[in-house]
Each structure stands twice: as structure tokens, then as C-alpha cells.
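Everything on this sheet refers to the single structure shown next.
Computed from heavy atoms alone, side chains included, the values below leave out hydrogens, waters and symmetry copies.
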Amino acid sequence: MNSKISVMVSIVLAMLVASMDTTIMNTTMPIIAKELGGFSLYAWSFASYMITTTVLSPIAGRLSDIFGRKKVFSFGIILFLIGSLLCGMSQNMVQLVVFRALQGIGAGFMMPFPAIIAGDLFPIEKRGKIQAFFTAMWGISAVLAPLLGTLFVEYASWRWIFYVNIPLCLLSLLTLLPYKEVYEPKRAAIDYIGAALFATAISLFLLTTVVESSHWMYGVTGAALLTIFYLYEKKQTSPLVPLALVQHKTLKWMNMNGFVSCVALFGTSSYIPLFLQNIAHQSVFVSGVALLGMSIGWMIAAVPAGKWILRYGYRMLLIIGNVLLVLSGLLLALLNESHGFLYVFCTMFIQGLSFGLTSTVGIIGSQQLADAHEKGIATSFFMFCRNIGTAIGVTIMGAFLTKAADFMTGIHHLFLFGFIGSIVALVTSLFIRDESEQEKNNLLRSGEML
């Protein structure tokens, strides 16, 4: 029990620093760029972190299946610590972009492990509560990060937004030491070529979201390398992404649903504050509080999700979650100048219920339907599909907003896109089929035994 408590503390601290680092830059980056110069690299300070984090997450999950969770998680914390130190010492924007990429590699190795280790340690019916607790950390970071960023800039230096990570990472490492790992790694050859092909292909896809020209060249090259990666993996005895996971009758649709739902509406939180500030004339603080509606709804739906899976299976819960997503998409599509904080808060609450249910069910499903030695890659690949969907969705929504004749026209177009996307997500959830009676019995027994 002490080992469980210790690893939970370690995981929560790692999640807190990684999630805060994602949001704290939003408020401080203008000041950092002004001091360091090089405004042309402004977007790359975010992109280098986002790309490396997204690309490395599934690779970290696969490595944890081979070497064990503790070693790979520790490696990620150490890399994140070093990256944070170097970011704080940056003397120009080029250095900051490079060191942010290193920090992103560390975050990529850290982010999948709350879900992976929780899947090792806790029974199905308790995992919803654990996932809800992790979600709370994201909610807390969304509130704390801008406040801390402002305090550091005004009373110390922007460099402390990175230096503050160092003691937290050290504490995370110390609390991880007593952890007695329950998972027995299955040694296998490391697919270096597959990892390189995968990382390069996905990086090129993500670059299309930040480059200003030649988007098609990056996209086509990424697609070609992804095709080569797939053909290469088919011939490997120890592939980076086991094809059985991609072809699994249930997992493939869970991954597809996670991807499409995030393309559709997960980027809402990036644009709703703009509406509240520009149209509803709310403060930055109030627009941030509106986003808490999503966190609250997420936690409410996630807590009982584990028990509901044992009772109702995956399909029904995912369909209900996607119906809620369509409802939130409809409310956003109807958003107009007369709507204010309460309308937005309630809409975000419904969307939180949706994502809380679909995300938790998807993570647990990824773990339960994969073999024990593939649980790490199955969990991280599901999260990867969601992250890729988010990156694409935010980019498409941003294009609608920037190319519109006026702000409200852009808001209408981007949320109409989200509503249509949520309908597509609902359709994908209809293809999900619950496991066979034998698999159901195994699921129930695993819940009882654990």
C-alpha cells in the first residue's frame, strides 16, 4: 500500500509539472520573446515542445513494455528536469526552442505513465476515480499556471517558470524509488528503424500545423513515410506498434473515435476564452473559470466509469459519451453575441461529461483488451490518437477564425465544423462492438481479483 501511495505522489507531481509547463508559457512567452529577441521563432517555442511530446509518447509506452514502467518513467523525469534547467538558462530564442524540444521529449516519456501505471496497480472499478484525480491536476494547473507565471515575471524572473520544475522533478524521482513494480517486462528487440520512421512521419504531419508555406510537401512526405513505416512493421517480429492492436475489432474503432472526437471539439478550450473576452467582455480570469466547467464534468463522468464498464460494457458508454459530444457541439454551433458566461460554462460542462466518459472508457479498454506485454503501447497509442486529433483540430479551427471576415463569423464556422465532426465521431462509436462472452467474463474476473 505504501508503494502505491508513493508512486501516486510521484505520478501526480510529474503530471503537475508537465501540464503546468504546457499552459504557463501562454502568459509569459511574449515577455520571454521580447527579452531574448527572435520573434520569428515565437511559434516554434510551442511547436518544438508539442511535436516531441506527441511523437515520443507511444514510443515511451512501447519501451515500458520492454524495460518496465519505472525505468522509462524515471528517464522521462530526468530528461524533463535537464530540459527545464537548460530552458531557464537560455540566452536566445534558438536555444530556447532547442531546449524546449528536449523538455518535450521528457514530457513525452512522462505523460502516458499515469494511465499505464494506474492500469497496473488498480482494479477496473477504481481506475475511473484515479483518472478523475489525474484530470483534477490538469484543472488545477490551468488555474495555477497563469497565476504563477505572472508572479514569477513580476517579482523574480521568467526563468523561474522553468527552474520551479527542478525541485518538483527531484521530489517525483524520490517518491518513485520505493515503488515495487508489479509488471514483469517482456524483453524484445528494440525497433529502432520503426521508431525513426514513425517519429519522422508524425513530426512532418505536425509541422504542417506551424509552417507558413509548403504545407502539402510536409504532409505528402509524412504520408509516404507513414506508409513505409506500416509496410516495414508488417515484417517485424517485435514492431513498435503491434499490428494486432491496429486491427483489433474493438481497439481500432476506439482509437478512431478518440481521434475524430478530438479533431472535432477538443480544441474548444483554445477558442472559447477568446469569445468570452472579445464578445462577452469577460475578464481573463472569468474566461478561465468557464473552462473549469469542462474539468468538473470530466471528473463527474470519469469517477464511476470503471464500474459502469463492468456493468454495461464499452459500446453503450462510448455511444452515450458521443451523444453528449454532439449535444455540446450543437450548443456551440448556436453560440451568439447574446450568450455569456453561464451558457458557455454549461456547454463546457456537457463537453466535459462527454470527454470524461469517452477518454476513461477508451483508456481502460485499451488496457483490458491488449495483452499484458502490450498494455503500455496500447494505452499510449490511444492517447497518441487523441493528441494528434487535438493538434489537427486546433489548427483547422484556427484557420477558420483567422480567414473569416470578422470574429463572430469565424467563431460560427469553427464551431459548425466541430458540430459536424462530433456527428462523425458518434458514427464511429456505433461500429464499436463489445467483447465476446468469454472476454466479458475475464473482464469481470479481473475486476474481482484486483
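Taking every heavy atom of both residues into account, Met110 and Phe73 meet most closely at O-CE1, 3.9 Å. Minimum heavy-atom separation, Leu357 to Leu317: CD2-O, 3.3 Å. Between Leu265 and Leu325 the shortest heavy-atom distance is CD1-O, 3.6 Å. Closest of all the heavy-atom pairs between Thr200 and Ala196 is OG1-O, 2.8 Å. Taking each heavy atom of Asp65 and Lys375 in turn, the nearest pair found is OD1-N, 3.7 Å. Between Ala201 and Gly222, the shortest heavy-atom distance links the atoms CB-O, 3.6 Å.
Side-chain atoms of Asn322 come within 3.5 Å of backbone N or O of Leu318 as a donor-acceptor pair. Judged by distance alone, the side chain of Gln91 and the main-chain N or O of Met89 form a donor-acceptor pair under 3.5 Å. Checked by atom type and distance alone, the side chain of Asn165 never pairs as donor or acceptor with a backbone atom of Leu81 at under 3.5 Å. Although no hydrogens or angles enter the test, the distance criterion places no donor-acceptor pair under 3.5 Å between the side chain of Arg62 and the main chain of Gly376. The closest donor-acceptor contact from the side chain of His412 to the backbone of Leu335 lies under 3.5 Å. Using a distance-only test at 3.5 Å, with no hydrogens or angles considered, no donor-acceptor pair links the side chain of Tyr179 to the main chain of Ser6. Side chain of Thr52 to backbone of Ala101: a donor-acceptor contact under 3.5 angstrom is found. A donor-acceptor distance shorter than 3.5 angstrom exists from the side chain of Thr227 to the backbone of Ala223, with no hydrogens or angles considered. Within the 3.5 Å criterion, the main-chain N or O of Arg433 finds a donor-acceptor partner in the side chain of Thr250. Proximity of a side-chain donor or acceptor of Arg386 to a complementary backbone N or O of Gly258 within less than 3.5 Å is not detected.
Here Leu56 contributes atom CG and Ser203 contributes atom OG; the two are 8.5 Å apart, rounded to the nearest 0.5 Å. Atom CZ of residue Phe99 and atom OG of residue Ser48 lie 11.5 Å apart, to the nearest 0.5 angstrom. With values rounded to the nearest 0.5 angstrom, His248 atom NE2 is found 14.5 Å from Trp253 atom CH2. Here the CD1 atom belonging to Ile279 is positioned 6.5 Å from the NE2 atom belonging to His281, to the nearest 0.5 angstrom. Taking CG of Leu173 as the start and CD1 of Ile77 as the end, the distance is 4.5 Å to the nearest 0.5 Å. Between Ile202 atom CD1 and Ser57 atom OG the span is 12.0 Å, to the nearest 0.5 Å.
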Quiz prompt | Intermediate values then yes/no, side chain to side chain contact (heavy atoms under 4.5 Å, CB included), Ile392 and Phe205 | solution = CA-CA 9 Å; Ile392 293 173; Phe205 272 125; over 6 Å; no
Exercise. For Phe113 and Ile11, run side chain to side chain contact (heavy atoms under 4.5 Å, CB included): C-alpha distance rounded to whole Å, both residues' side-chain angles, the deciding distance at 0.1 Å, then the answer.
Key: CA-CA 8 Å; Phe113 285 96; Ile11 287 172; 5.7 Å; no
Quiz item: Step by step, would you call Phe384 with Phe198 a ring pair (Phe, Tyr, Trp, His ring centres under 6.0 Å)?
Solution: CA-CA 12 Å; Phe384 165 78; Phe198 178 81; 5.2 Å; yes
Quiz item: When you look at Lys252 and Gln247, which way does the side chain to side chain contact (heavy atoms under 4.5 Å, CB included) test go after all the steps?
Solution: CA-CA 6 Å; Lys252 67 180 179 182; Gln247 298 166 353; 5.7 Å; no
Quiz item: Run the side chain to side chain contact (heavy atoms under 4.5 Å, CB included) check on Phe345 and Leu276 step by step: do they pass?
Solution: CA-CA 11 Å; Phe345 184 90; Leu276 288 173; over 6 Å; no
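Between Ile388 and Leu206, some side-chain heavy-atom pair lies under the 4.5 Å cut-off. Counting heavy atoms from C-beta on, the side chains of Ser261 and Phe355 come closer than 4.5 Å. Between Val164 and Phe152 there is a side-chain heavy-atom pair separated by less than 4.5 Å. Counting heavy atoms from C-beta on, the side chains of Val98 and Leu86 never come closer than 4.5 Å. Residues Gln351 and Leu332 have side chains in contact (heavy-atom distance under 4.5 Å, counting atoms from C-beta outward). At a threshold of 4.5 Å between non-hydrogen side-chain atoms, the residues Tyr343 and Leu334 count as touching. In this structure, Cys87 and Arg100 have side chains that are in contact, with non-hydrogen atoms separated by less than 4.5 Å. Counting heavy atoms from C-beta on, the side chains of Pro242 and Ile377 come closer than 4.5 Å.
The neighbour count for Phe431 CZ, taken as heavy atoms of other residues, nucleotides or ligands under 6.0 Å away, does not exceed 12. Annotation: Met408, atom CE; neighbour count of heavy atoms from other residues, nucleotides and ligands within 6.0 Å is above 12.
Shown are Leu13, Val7, Val12; of these, the side-chain contact (heavy atoms from CB on, under 4.5 Å) with Val9 is made only by Leu13.
Using the six-membered ring where Trp is involved, Phe109 and Phe75 have ring planes that are perpendicular, over 60° apart on the 30 and 60° scheme.
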